[in-house]
Participant: 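Below you'll find the structure I mean.
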Amino acid sequence: MDLENKLETSRGFVNIKLTGDISNDKDIIVLVSGINGSISYYDTITPYLTDKYTVIAIDLLGQGNSGEGKDDLYTIDVEAWAIWEAIGRVKVLKPVIVFGYGVGGLIVNRMAEQHDIAMSKKIMLNTPATQKYADLDTSTTLSSIPLLGKMAKSSVKSNLYFAKNFDTSSLPDPNVIGDSAKDTDKKVAKKLLKSTDSYLEEMALNRRMRKANLPTLALFSDNDQILGEAGIKDAKATIGRVPNLKMEDVIGTGHIAFLEKPEEIAKKIIAFDESTQTEES
């Protein structure tokens, strides 16, 4: 069963897509978007997860089909809490596994800080760990990366989301990046980026992860053109000694690795889950 619906929270209306049945005995995995993204990113990987999980994909406030944030607030803290409220609205009664990429990975970690008892495990893909690499924007007007400064035709440079030379025509929806970006106001993206910078400036990711000592899988792509080689190296060095952490590389992929290799990422998620014991398992 696929059900997409906007749910009212104290921070605004949050759009979710539920695949499966909340009332069955399967574990639940929540898939969180990153900046300029939408739940449509997850259409390719969801079929590889449904044998084992009930899947909930969520649009951030101000993105995709979610509504605007109350008081025009778009921060890591607000987005994380709105997701918890939305999960509660669909009557999830057991701890969930939560997955996020890029800034979405920071939102996942903030969710753990806020309400770790409701999360069993977390998975972060190509997520920055320090303020130095917090700017993951690929828009032509906001990015501080010189490579992007002169481009003018689209709001994002879609090819930077993939490994170099990846053939986007092989995707079920080759325009998924650009179409999702069109649904995000540039002001929303800018506010989220500012919040990301503040979140990591206040406390680096390794210290934040230690506050909620949950089993964590950190995936890193070897050809991430957005976080970049230096950003990946920095993230690995920063979080490498956090307890309950497993780090893995995803070879031949870019920033949104699950668009390029959905089956491989799904297998990594499942293998991590099955090899990691929690109090509930």
Side-chain angles (χ1 to χ4, degrees), residues 9-12 14 32-37 58-64 66-86 98-116 119 122-146 148-149 155-156 181 184-214 216 218 220 224 226-228 230-239 242 245 255:
T9 76
S10 64
R11 306 312 312 174
V14 173
V32 178
S33 298
I35 291 179
N36 285 314
I58 297 187
D59 280 326
L60 300 182
L61 289 169
Q63 297 191 170
S66 285
E68 296 179 353
K70 183 179 179 181
D71 300 323
D72 205 29
L73 287 176
Y74 303 95
T75 68
I76 299 291
D77 193 70
V78 165
E79 296 284 5
W81 193 250
I83 290 172
W84 276 131
E85 285 194 45
V98 192
F99 174 97
Y101 64 90
V103 172
L106 297 179
I107 293 170
V108 168
N109 195 75
R110 182 59 183 152
M111 290 172 66
E113 291 180 90
Q114 291 173 337
H115 201 31
D116 63 337
M119 186 184 295
K122 54 187 165 73
I123 304 165
M124 301 180 295
L125 168 68
N126 295 324
T127 295
T130 61
Q131 184 269 338
K132 182 177 181 179
Y133 296 97
D135 186 357
L136 299 190
D137 184 39
T138 60
S139 71
T140 60
T141 57
L142 303 178
S143 181
S144 61
I145 305 173
L148 306 181
S155 61
V156 298
T184 302
D185 190 296
K186 291 180 181 179
K187 292 180 181 178
V188 172
K190 187 173 184 179
K191 288 182 177 183
L192 269 173
L193 280 169
K194 184 177 180 180
S195 175
T196 299
D197 189 80
S198 300
Y199 179 75
L200 290 175
E201 184 178 28
E202 177 184 301
M203 189 181 298
L205 187 58
N206 59 327
R207 293 178 61 198
R208 290 188 174 279
M209 290 171 68
R210 289 174 184 270
K211 292 169 65 176
N213 190 24
L214 293 172
T216 302
F220 294 103
D224 186 341
I226 294 178
L227 188 52
I232 295 291
K233 184 177 180 180
D234 175 79
K236 288 181 175 181
T238 301
I239 68 173
V242 172
L245 171 70
H255 192 63

Participant: Are the side chains of Val103 and Ile76 in contact, using a 4.5 Å heavy-atom criterion?
Facilitator: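 Heavy-atom side-chain distance check passes, below 4.5 Å.
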Participant: Just so I know, are the side chains of Leu60 and Ser66 near enough to count as touching, which here means a heavy-atom distance under 4.5 Å?
Facilitator: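 Sidechains of Ser66 and Leu60: no contact.
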Participant: Which of these passes side-chain contact (heavy atoms from CB on, under 4.5 Å) with Met209: Leu214, Leu245, Thr238?
Facilitator: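 Checked Leu214, Leu245, Thr238 against Met209; only one passes side-chain contact (heavy atoms from CB on, under 4.5 Å): Leu245.
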Participant: Identify the two heavy atoms, one from Ile239 and one from Ala129, that lie closest to each other, and give their separation to 0.1 Å.
Facilitator: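 In this case the closest contact between Ile239 and Ala129 is CG2-CB, 4.0 Å.
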Participant: What's the shortest heavy-atom distance between Arg11 and Ala82, and which atoms?
Facilitator: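 That closest heavy-atom pairing would be CB-CB, 4.2 Å.
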Participant: Using a 3.5 Å distance criterion without hydrogens, assess whether the side chain of Glu113 forms a donor-acceptor pair with backbone atoms of Asp77.
Facilitator: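 The answer is no, because no donor-acceptor pair under 3.5 Å joins these two groups.
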Participant: Take atom CD in Glu85; do more than 12 heavy atoms of anything else shown fall under 6.0 Å from it?
Facilitator: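 Buried by this count: over 12 neighbours within 6.0 Å.
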Participant: If we only count heavy atoms from C-beta on, is the Asp224 to Ile232 side-chain gap below 4.5 Å?
Facilitator: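 Yes; the side chains approach each other to less than 4.5 Å.
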Participant: Give a yes or no on whether a salt bridge exists between Glu79 and Arg110, defined as a side-chain N under 4.0 angstrom from a carboxylate O.
Facilitator: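 No salt bridge links Glu79 with Arg110.
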Participant: Given the rule in the side chain to side chain contact (heavy atoms under 4.5 Å, CB included) test, do Asp234 and Leu227 qualify, once you have shown the distances and angles that lead to the verdict?
Facilitator: CA-CA 10 Å; Asp234 175 79; Leu227 188 52; over 6 Å; no
Participant: Could you please spell out the steps behind the side chain to side chain contact (heavy atoms under 4.5 Å, CB included) verdict for Asn126 and Tyr101?
Facilitator: CA-CA 6 Å; Asn126 295 324; Tyr101 64 90; 5.8 Å; no
Participant: Taking all atoms of both residues into account, what is the closest heavy-atom pair of Ala112 and Met119, and its distance?
Facilitator: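 Result for this residue pair: N-CE, 3.6 Å.
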Participant: As an exercise, state the distance from CZ of Phe99 to CE of Met124, rounded to the nearest 0.5 Å.
Facilitator: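 Answer rounded to 0.5 Å: 10.5 Å.
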Participant: Checking the side chain of Tyr74 only, and the main-chain atoms of Gly69 only, is there a donor and an acceptor separated by less than 3.5 Å?
Facilitator: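 Checking the backbone N and O of Gly69 against the side chain of Tyr74, a donor-acceptor pair under 3.5 Å is found.
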Participant: Side chain of Gln131, backbone of Leu200: donor and acceptor closer than 3.5 Å?
Facilitator: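 No.
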Participant: Decide side chain to side chain contact (heavy atoms under 4.5 Å, CB included) for Lys211 and Met203; before the verdict, give the C-alpha distance in whole Å, the side-chain angles of both, and the deciding distance to 0.1 Å.
Facilitator: CA-CA 11 Å; Lys211 292 169 65 176; Met203 189 181 298; 3.9 Å; yes
Participant: So which heavy atom on Lys70 is nearest to which on Ser10, and how close?
Facilitator: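 The pair with the smallest heavy-atom distance is CD-O, 3.3 Å.
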Participant: Is the side chain of Asp71 donor-acceptor paired with the backbone N or O of Leu73 at a distance under 3.5 Å, no angle test?
Facilitator: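 It does not hold such a pair.
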Participant: Keeping the roles fixed (side chain from Gln63, backbone from Gly37), state whether a donor-acceptor pair exists under 3.5 Å.
Facilitator: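 Flag set: sc Gln63 to bb Gly37 pair under 3.5 Å.
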Participant: Just how far is it from atom NZ of Lys194 to atom OG1 of Thr75, taken to the nearest 0.5 Å?
Facilitator: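 Going from the NZ atom of Lys194 to the OG1 atom of Thr75 covers 12.0 Å.
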Participant: Can you check side chain to side chain contact (heavy atoms under 4.5 Å, CB included) on Ile83 and Ile107, steps first, answer last?
Facilitator: CA-CA 9 Å; Ile83 290 172; Ile107 293 170; 3.9 Å; yes
Participant: Return the minimal non-hydrogen interatomic distance between Ala204 and Thr130, and the atom names on each side.
Facilitator: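 That would be CB-CG2, 4.4 Å.
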Participant: Looking at CG of Leu61 and CG of Leu192, how far apart are the two atoms once the value is rounded to the nearest 0.5 Å?
Facilitator: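 If we round to the nearest 0.5 Å, Leu61:CG and Leu192:CG are 9.0 Å apart.
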Participant: I'd like to check Thr184 versus Ile35 (side-chain heavy atoms, cut-off strictly below 4.5 Å). Are they in contact?
Facilitator: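 Answer no - side chains too far apart.
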Participant: Ignoring hydrogens and geometry, is there a side-chain-to-backbone donor-acceptor pair from Ser33 to Gly104 under 3.5 Å?
Facilitator: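 Not at all, since once roles are kept as given, no pair shorter than 3.5 Å links the two residues.
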Participant: Side-chain contact test, heavy atoms from C-beta onward, threshold under 4.5 Å: evaluate it for Lys233 versus Phe220 and give yes or no.
Facilitator: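 Contact flag for Lys233/Phe220 side chains = no.
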Participant: Is it the case that the side chains of Tyr199 and Asn109 hold a donor-acceptor pair, with the cut-off being a distance below 3.5 Å and no angle test?
Facilitator: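 Indeed, the side chains of Asn109 and Tyr199 share at least one donor-acceptor pair under 3.5 Å.
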Participant: May I ask you to test the Pro128-Leu106 pair for a side-chain heavy-atom distance under 4.5 Å?
Facilitator: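 SC-SC contact between Pro128 and Leu106 confirmed.
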Participant: Identify whether the distance between the nearest side-chain nitrogen and carboxylate oxygen of Asp72 and Lys191 falls below 4.0 Å.
Facilitator: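 Lys191 and Asp72: salt-bridged.
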